[in-house]
Amino acid sequence: MVQYHHRGCHRQGNHETVGENKEKRPKFFINDHVDILIEILKRLDCRSLCVAASVCRLWCTIARNDSLWENLCFRHVSPPPTSVRSVVLALGGYKRLYMGCVRPVRSRLGRARRASWARDEVQLSLSLFCVDYYERLGGSNSNGRVVGESSPSSLMFLCKPVNV
Amino acid sequence: MVLYDDSATLAGSCSGSGSGSSSSFSSKPPPMQQQQQQDIDDLLAGAGYKVRSSELRKVAHRLERLETAMVNSPADFSQLASDTIHYNPSDLASWVDSLLSEFAEPPTYPSEFIMDPVTNQTVANDVWTTTNPNMPQVHQNISYEQQSLNNQLTVVTAMEEDSGIRLVHMLMTCAECVQRGDFSLATSFLKDMQGLLTRVNTVCGIGKVAGHFIDALSRRIFQGIGGGSINGGSAFENEILYHHFYEACPYLKFAHFTANQAILEAFDGHDCVHVVDFNLMHGLQWPALIQALALRPGGPPLLRLTGIGPPSPDGRDSLREIGLRLAELARSVNVRFAFRGVAASRLEDVKPWMLQVNPKESVAVNSIMQLHRLLGSDSNLNSPIETVLSWIRSLNPKIMTVVEQEANHNQPGFLDRFTEALHYYSTMFDSLEACTAEPDKTLAEIYIQREITNVVSCEGSARVERHEPLGKWRTRLSGAGFRPSHLGSNAYKQASMLLTLFSAEGYSVEENEGCLTLGWHSRPLIAASAWQAVSHAPAALDTHRPVQSKAG
């Protein structure tokens with residue numbers, strides 16, 4: 001697993017560089033090569049990325065970067081037009097889009113999946129995401145609402161009944 | 001539920017009631033006596049009851065008598081409830097006999113009583129305390145009930161007196177009495193049904209739907225056809241119920257997404273667009289359209305939205321609030337947006353000049369379950385639907401999206417309407433069972449319940465839920481100068497994907513001559529269609545010819 005290797009490298013690197021002169025023993029420390037790290041993290045799946053975010057602060061910062069999640073959203077789809085990015089960022093960002101919409105949509109549709117639907121999945125996810133954003137707007141703006149729940153619930157139907 | 005097939009198999013009916021009914025049903029058959037094993041009815045044995053096949057009819061008849069006795073009895077029920085420990089309920093025959101002997105006399109059946117429709121309890125009058133049995137009336141009523149039931153059922157067997165099926169048949173019979181105007185008999189049926197309801201599981205299945213229909217019938221009989229206070233529900237309440245109906249089941253989402261797809265395709269290439277929404281509510285349909293317009297190749301157009309809705313009573317301008325929210329969303333995604341709200345309590349009060357349509361812009365008219373409200377019961381020339389359709393046509397819209405319930409709830413005969421409504425709403429409640437999100441589910445049920453009450457208990461101008469099937473709308477709209485615009489494969493694909501997301505496996509999208517219908521287990525429940533205005537016919541074909549053409 002790529003993940004295990006990273007952990008191993010990290011620990012080994014940390015252990016060895018403490019109090020040691022790096023020039024005497026040149027070891028590869030991944031945190032010194034952030035661009036390579038980003039390239040690797042870009043190719044991870046969602047679960048691995050979340051786990052990677054808990055490794056160290058640097059990894060956490062990188063994993064939270066929205067462009068990584070953008071890759072996840074459009075992984076199996078031809079690159080979308082650039083206008084999509086501004087819309088998604090305005091509506092809450094790619095990570096939110098992925099966790100809230102794309103991931104449940106993909107897993108639900110996994111049962112009846114057709115290859116030609118990949119682009120439509122993303123479009124449907126975008127639409128649902130937009131409705132969700134709209135509901136979040138309503139929750140924060142309204143002050144006279146008697147209804148107890150102000151949290152948006154239009155995506156609740158995507159949540160599985162049993163939360164693991 | 002067993003409503004799909006009237007001649008439901010015994011196995012189906014037994015298992016259907018077994019899963020939902022009281023806990024006295026067990027899944028394992030009790031140990032049987034050796035000598036009786038041959039004669040025991042095995043379907044009932046599967047449900048935990050030992051009844052000899054030869055005694056079935058007798059036991060059923062006695063159960064009926066017991067039920068009548070229990071419902072009419074002034075005795076305290078808690079005493080009866082503890083009797084299940086004393087008698088062996090799995091031996092049905094002897095159990096029924098022993099309980100029947102508890103009642104000293106045949107039940108009195110008062111010719112008048114007062115039923116409080118709110119609490120559904122009978123308020124006893126003096127007839128209860130007398131021991132004057134109206135014997136002829138009792139037997140007459142029971143035998144009438146049996147006779148009418150016999151006429152209704154194709155196969156009358158004792159086993160078919162399963163509570164759920166009985167409820168349905170009693171509902172039909174009661175509705176038929178109401179249609180005939182025989183309100184006293186209908187009232188007695190209502191009482192029987194309410195008694196039967198206590199023994200049926202009302203949390204799910206037929207019990208729940210039947211409960212709503214019994215309520216609606218009570219309203220019709222006791223409060224007249226004005227409909228009570230159902231239509232007085234405030235606009236705020238209606239919006240909340242509508243919102244939860246939106247969350248709980250896919251019908252409204254399907255409507256919104258399909259209509260949006262049609263509007264998006266119609267607006268392709270136009271830079272100045274205007275959407276007229278006949279029922280804005282919370283405006284949940286429009287974020288997706290705004291987002292789709294923002295991302296369309298060629299950039300977003302200038303979007304104007306005119307939302308029609310009921311006026312808010314307490315000074316809040318709810319239309320404006322929704323407009324502001326939508327404007328903020330549009331601003332985030334860089335779509336030029338303008339909103340206008342038109343407050344009208346009825347759609348026919350709206351005049352086209354209120355919409356302020358600019359002749360240079362492309363117009364889309366969106367009606368989600370609103371057009372049926374305009375259908376008056378009598379088709380006179382000035383019916384509201386024709387007025388509204390003609391001014392819609394005068395706007396020359398690029399597209400008009402119409403979504404309506406796929407049911408025939410506007411028939412003149414009450415019984416036909418009632419039967420159709422019973423089937424339609426049972427199917428809808430079935431589909432709602434799969435929803436687990438509370439409070440969405442409960443509030444969605446209240447929303448549907450209001451529709452049921454309106455269909456069943458109101459008449460005249462109070463009845464606004466006048467649903468008509470797709471075929472009738474096609475005829476009506478074609479006659480008003482519209483031609484159908486086929487919803488493309490994109491809409492179908494999107495609708496199918498949307499349905500796959502819902503956890504329930506029973507939804508189905510079908511294509512019907514260019515229109516899409518969403519249904520539950522192949523019964524269509526909601527139909528979406530798109531229309532374009534036919535360009536105006538040349539004046540020479542007009543019937544009102546100018547005088548000079550007639551001059552010889």
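Remember, predicted model here, so these are calculated numbers, not experimental data. Values below: every heavy atom of this structure, side chains too, minus hydrogens, waters and symmetry copies.
- Of all the heavy atoms in B/Glu328 and A/Leu137, the pair that sits closest is OE2-CD2, 3.1 Å.
- The minimum heavy-atom distance linking B/His282 with A/Tyr134 is given by the pair O-OH, 2.7 Å.
- Among B/Ser332, B/Pro250, B/Pro297, B/Ala288, the residue with the largest count of heavy-atom pairs under 4.5 Å with chain A is B/Ser332.
- Of the atoms belonging to A/Leu91, it is side-chain heavy atoms, and not backbone ones, that fall under 4.5 Å from chain B.
- Rounding to the nearest 0.5 Å gives a distance of 8.5 Å between CG of A/Asp120 and CD of B/Gln494.
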Next item on the list: Determine, stepwise, if the pair A/Glu135 / B/Leu284 fulfils side-chain contact (heavy atoms from CB on, under 4.5 Å).
Entry: CA-CA 8 Å; A/Glu135 285 196 320; B/Leu284 285 167; 3.9 Å; yes
Note to self: Would B/Tyr246 and A/Val131 count as a side-chain contact (heavy atoms from CB on, under 4.5 Å) here? Give the steps.
What the structure shows: CA-CA 12 Å; B/Tyr246 176 86; A/Val131 180; 3.9 Å; yes
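- Neither the backbone nor the side chain of B/Leu289 comes within contact range of chain A; no heavy atoms are under 4.5 Å apart.
- Crowding of B/Arg296 atom CZ: a count of heavy atoms from other residues, nucleotides or ligands under 6.0 Å exceeding 12.
- Two residues are said to be in side-chain contact when any heavy atoms from C-beta on lie closer than 4.5 Å; A/Cys130 and B/Ile290 fail this criterion.
- Counting all heavy atoms, side chain and backbone alike, A/Ser127 lies closest to B/Phe257 at CB-CE2, 3.7 Å.
- The distance from the CD atom of B/Gln291 to the OH atom of A/Tyr133 is 13.0 Å, given to the nearest 0.5 Å.
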